[in-house]
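Source: prediction; values computed, not measured. All chains are named by letter (A, B, ...) in the order of the sequence lines, taking the proteins before the strands, and each is independently numbered beginning at 1.
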Amino acid sequence: MSGRTYVSAKINGEQMDFLCEPRQSLLEVLRDELGMTGSKEGCNNGNCGACNVIMNGVLVNACCVLGVEAQGGTIVTIEGVASGEDLHPLQRTFLDDAALQCGICTPGFIVAAKALLDKEPDADEARIRHWLAGNLCRCTGYDKIVHAVLDAADVMRKTPAKV
Amino acid sequence: MQAIEYIAPASLAEAIKVLAHHGGAARALAGGTDVIIQAREGRRNVSVMVDVKHIAETTELSLSPDGSLRVGAATSCARIYDNAEVARLFPALIESVSLIGGIQIQSRASLGGNLCNSSPAADSIPTLIALAATCEIAGPGGKRSVAVEDFCTAPGQNVLQPGELLVALTFPAPKPHSGAAFERFIPRNEMDIAVVNAAASVTLAADGSTFESGRIAMGAVAPTPLFVKAAGDALAGRPVSAATIDAAAAAASAAAKPITDMRGSAPQRTHLAGVLTKRVINKAVERARGA
Amino acid sequence: MPRVMLPALLRPLAGGASSVETTGATLRDVIEDLERQHPALRGRIIDAGVIRPDVMVAVDADEVRDLDAPVPSAGEVHILPAIAGG
Amino acid sequence: MVIENKPKYKVIGTRPVRPDGIDKVTGRAQYGADIHMQGALQGRMKRSPHAHAIIKNIDVSKALALDGVKAVVTAQDLAGPGGDVSTLPDAAQNILASRKVLYRGQAVAAVAAINDHIAQEAVKLIEVEYEVLPHVLDVRESMRPDAPILNETMRTRGPNPGDGATNIVAHTVAAFGDIERGFAECDVIVENEFSTKMVHQGYIEPQAATASWAPDGQLSIWTTTQGSFPAREACAQLLNHPISKIKVTPTEIGGGFGGKISVYLEPVAALLSRKTGKPVAIRMDRIDVFEGTGPTPGTSIKVKLGATKDGKFRAAYADMAYENGAFAGSAAMYATMVITAGYEIEHVKLDGFDVVVNKPRTQDYRAPSAPAAAFAFEQLVDELAEKLKLDPLKLRLMNASKEGSRGPMGMPFKRVGHEECLEAALNSPHYNPPLEGPNRGRGVASGFWFNVGLRSSVNVSVQPDGTVNLNEGNTDIGGTRASLAMQLAETIGVAFEDIKPGVVDTDSVGVNDVTAGSRVTFASGMAVHEAGKNLIKELTTRLAPTWQVPVEEIEFEDGTFKTKDGAKSGTFKEIATQVVGRGVGLTVSGSVNAGFLAGGGFAHAIVDVEVDPETGKVTILRYTAIQDAGTAVHPAYVEGQMQGGAVQGIGWAINEEYYYDESGRMANSSFLDYRLPTSLDVPMIDTIIVEVPNPLHPFGVRGVGEPGIVPPLAAIANAVCHATGVRQTQLPMSPRRILETTLGIG
């Protein structure tokens, strides 16, 4: 019964149709079927956050979701965070604040932080640390990541998002 | 992962039919944060996943005017803690569901899933027990109710029969002058499985000086989450005092029959059972006095 | 008289000595003299005409790979195992 | 904090955005698992479930019969028909075991299938018959004569080789002065025994490799490695294949810290590709990473330190046993080279024992061997300070190594910044106000790591618009494309933005040693500096006929070419555009062997903790990292190295460990139970960069990657001791351990 199932979902604003096996995770579908390798696999069991995407408005680990569950849903991945040449403020502050070293966890952190700031634009350091506890980084010690999120929040408060 | 079939029934009746048809090979899929991983890692044999997130009864979250609460088994932790009224009335429940995994897990993981996974260390179960929650179960033979403390039978096992589905959890309205609290001890500050966890619900006399009743439950100290009746009994009718609370904590420690594993040693867990019991009772008293 | 300081691993090959007085004005001369005094050390420091890749040699505080490097008469030549890192 | 007047640099010391940054924040960057080749097969490793067993038979027939499976390989394929893996026998066994498995997780076979799910099913169908042997996990137990022997042919390297088989790989002795006389002269002597557990580097990206073996024998490998050239060399030896026929392309790498130097998957993917005629990709999962790669050793260290009553260290002794895992290594030898490096001590004797145990073959992890050694030694320093009623930083300062001090290897240090780091710590805003509150304690500790030089080679070519491409062969993990481009920009006097750096494959640049030992910004920086000078020289030569002046008449200074009389001048970019523009292309290179010793680096930590007396949980309240960076090329990236090292050290100190069950299985092989610190577990990490220029480098650069992880283990232990009154001799200082030692629970 491992036939492939037809799934239709809106990914980064575009309607996409794909076939996947029910046992394939959303992460496998994004990376292997759709060629969107920005979401990373660090643990494949929901403990590192490298595969974070926003699904139907909430932050999820794509490794803990079946691809077939995306049917009819909307998904935002790291590939959809910038709009064209305009980086998202988080992407800008991660660069300016040196908040990445090897960069493997960066897509997950940016997607997770975006989900936070979309919901809570005034998040403080304690809230940011709490929200990001599901995202592991082994290079930075988190200091510059937390600063980058605080700085992005500041930028976003000063310049309301373009429609 | 072994090959699986995925079915997303739109009604409770259909879900029961599908589950009954596939028997033990089928498993309900709510948040999937346990079952998908267990199937992938070969820790559970699952060949059919029945997605129960498209069913009205399993996804509801409704607070009655009298203050009783009904939580569909597939309702996510985030939906529960994002509901301000639920958060006000059931702070212990919020403490539990805010601790299950990270934010990414809480947006999918459900109360029903946490219960059906039946881990001895599950972070919601002691709270469900302390709050005297009831399981609503539907199956081919009809519906039945089971008290949460009677639900788990062994690590990873529970009273659900093949074809049965946990539909919802119901909570009685908090009584006047009552309060509840949950606490977990983990080595990090998030993202860990409990070394020990504990929940307490207490009802005080109107003047706040004595305990009328108490319900204490703990996790990770026995093969299943533990309802420690003796600890609650040690409170009932006694003055709210350090001595009373110490006696309840001692009863909790005595009830603990933990093992030593990578998450903690047996003596450490027995000790923490007392420490956490004391802490949650104190917090529950504080809330009861404020209620 | 340059003094060659030997690591523990090589001392058994020099009769247990932790250091050896040598003669020579260049590293090559010094090591050749060392090998003359303790033939068991042949091939353990220099192999095929160059310093072995798993050995490092320092003259006083300076690491040296060139065998023609000068060695002061009061100098110390340190023979050390190679290191890397994470 | 700048200690000495350093030259006024234009680019060095600024904080530009890394050239690879945009790709990394948008998801474009291609890491090991992101290489998707048309028609590629997916590989999986079959691993041993036993810690120690003889392989009696491997039956792959059922796996091969599974639909979608294309090939299976075992150690027989590695040796190949007429093959020879004798040059790297341990590496060969570690990649695919043939005779014996020496740890749980050791690979014994591999499959290639049309997708990963089928490959996983096929792995289960491979039947391996084992004869299970008794195993040994503890380093001291493994040294006993009655311990199960891992390798019957092993004899101890060192002064007393012994006759029989042993698990002691080597006994390293370092001795200076007269240890007995030294201790006899001491007024105060402290001693203790310490132990640490095996820990993992914990990089977030699992190893992944893709290989494509063409019919003409050309082998292309894409891999997430810290060293494409060493990986190429290892593959050549293990596959008995000419090095000239192997091209290794390093992908972006998701962390390494020493754990991605050895090859694991590359030769196996190559064998599977050769067998199937298709590209084969193998990706580890997290369990593979924990069980099947190279963590860093657990240790058992006995130390003794003596001083006169005025606080002068006179004598030190250490007996250090380091796990090597299943195969011979040299971790304890490293430890003898670093444990006393921070101090002037006349009488020293150090015994280092490298020991095999039935655990994964250990690898380097950020300043390998030094953190555990410092955990032991720096606690004794703390104890001495208490006994002598001296400030622990001032006691260290009184004894600190400096230029001319003999290090533990016997040779004198060149200019180093240990004293300057200690002074910076003493004057820091963190150290001066005393710590208030119950159950709190403050700890300090020093750390040293060598930094190494080794070989680097870069190519530099001028583009028609006068900008410059810089091609280097070192994997960039922490921002070295930026730090190298900055050094080239400084050398040739252009803007950072006019340099375009890239990491290229092994066919495209001269040999480069690993990205390790904190060496890339240092040694590749030297290569870049040389290439820059060569570029100026070549441009000058080409400019002379254009300007119609002799070459000697042209000077280059401050980014400008000019004639000595000042009549003609032009910036680098103007001249490069003019000379190269539409003319003949211009490529130069720079190649160095920067040797082993790159100057060495000192780091220091000040940490405040609070210990919950009821639960034993340690909370890090405040942390300041102090480090001598020589010259901080990119200060933000230097801070990042210091902060990252500090937090890895915090994890190591408090929670991380390989937790083994009785069967020799790592019970916590997931990110759930192997507890890396999360953002919620640490405070902001304050940094103080000390700049004592390194005399071995044209810009004074020191390696900065490693020293930061050395002090935190000891600093936290000292802080916990001051908070609780109990000295912590074992890692991790988990809540369980703290309860055991403070309340006797356990």
Pairs of heavy atoms under 4.5 Å with chain D: top-ranked of A:I110, A:T37, A:D32 = A:T37

Under 4.5 Å to a heavy atom of chain A? For D:P16 that would be neither

With only heavy atoms counted, which part of A:N45 is less than 4.5 Å from chain D, the side chain, the backbone, both or neither?
-> side chain

Which answer fits A:L90, side chain, backbone, both or neither, if we ask what part of it has an atom under 4.5 Å from a heavy atom of chain D?
-> neither

Measure D:Q30 against the heavy atoms of chain A and call it side chain, backbone, both or neither at under 4.5 Å.
-> side chain

Among A:L136, A:L132, A:T106, which residue forms the greatest number of heavy-atom pairs with chain D at distances under 4.5 Å?
-> A:L136

Should the ring pair D:F290 and D:H200 be called parallel, tilted or perpendicular, given that the plane angle runs from 0 to 90° and is split at 30 and 60?
-> perpendicular

D:F257/D:Y203 aromatic ring centres below 6.0 Å = no

Cut-off 4.5 Å, heavy atoms of chain A, and the answer for D:I477 is both

Pair D:Y365 + D:W652: ring centers closer than 6.0 Å | yes

Main-chain N/O of D:I685 paired with A:D143 side-chain donor or acceptor, under 3.5 Å | yes

Selection from D:K24, D:M684, D:R28 maximising heavy-atom pairs under 4.5 Å formed with chain A = D:M684

Salt bridge present between D:E205 and D:R286 (N-O < 4.0 angstrom) | no

Contact origin within D:R283 toward chain A - heavy atom pairs under 4.5 Å | side chain

Given A:R92, A:H88, A:Q24, A:E125, the one with more heavy-atom pairs under 4.5 angstrom with chain D than any other is A:E125

D:D476 portion near chain A, given a 4.5 angstrom heavy-atom threshold = neither

Are D:Q648 and D:R366 linked by a side-chain donor-acceptor pair shorter than 3.5 Å?
-> yes

Pick from D:I22, D:T678, D:I650, D:V682 with the largest number of heavy-atom pairs that fall under 4.5 Å of chain A = D:T678

Among A:G35, A:G141, A:A98, who wins on heavy-atom pairs under 4.5 Å with chain D?
-> A:G141

In terms of side-chain geometry, is the basic nitrogen of D:D20 or D:R481 positioned less than 4.0 Å from the acidic oxygen of its partner?
-> yes

Do D:R675 and D:D681 meet the salt-bridge criterion of a basic N to acidic O distance under 4.0 Å?
-> no

Choice from D:G202, D:A33, D:G645, D:A29 maximising heavy atom contacts with chain A below 4.5 Å | D:G202

Test: D:R18 cationic atom under 6.0 Å from D:Y637 six-membered ring centre, within 45° of axis | yes

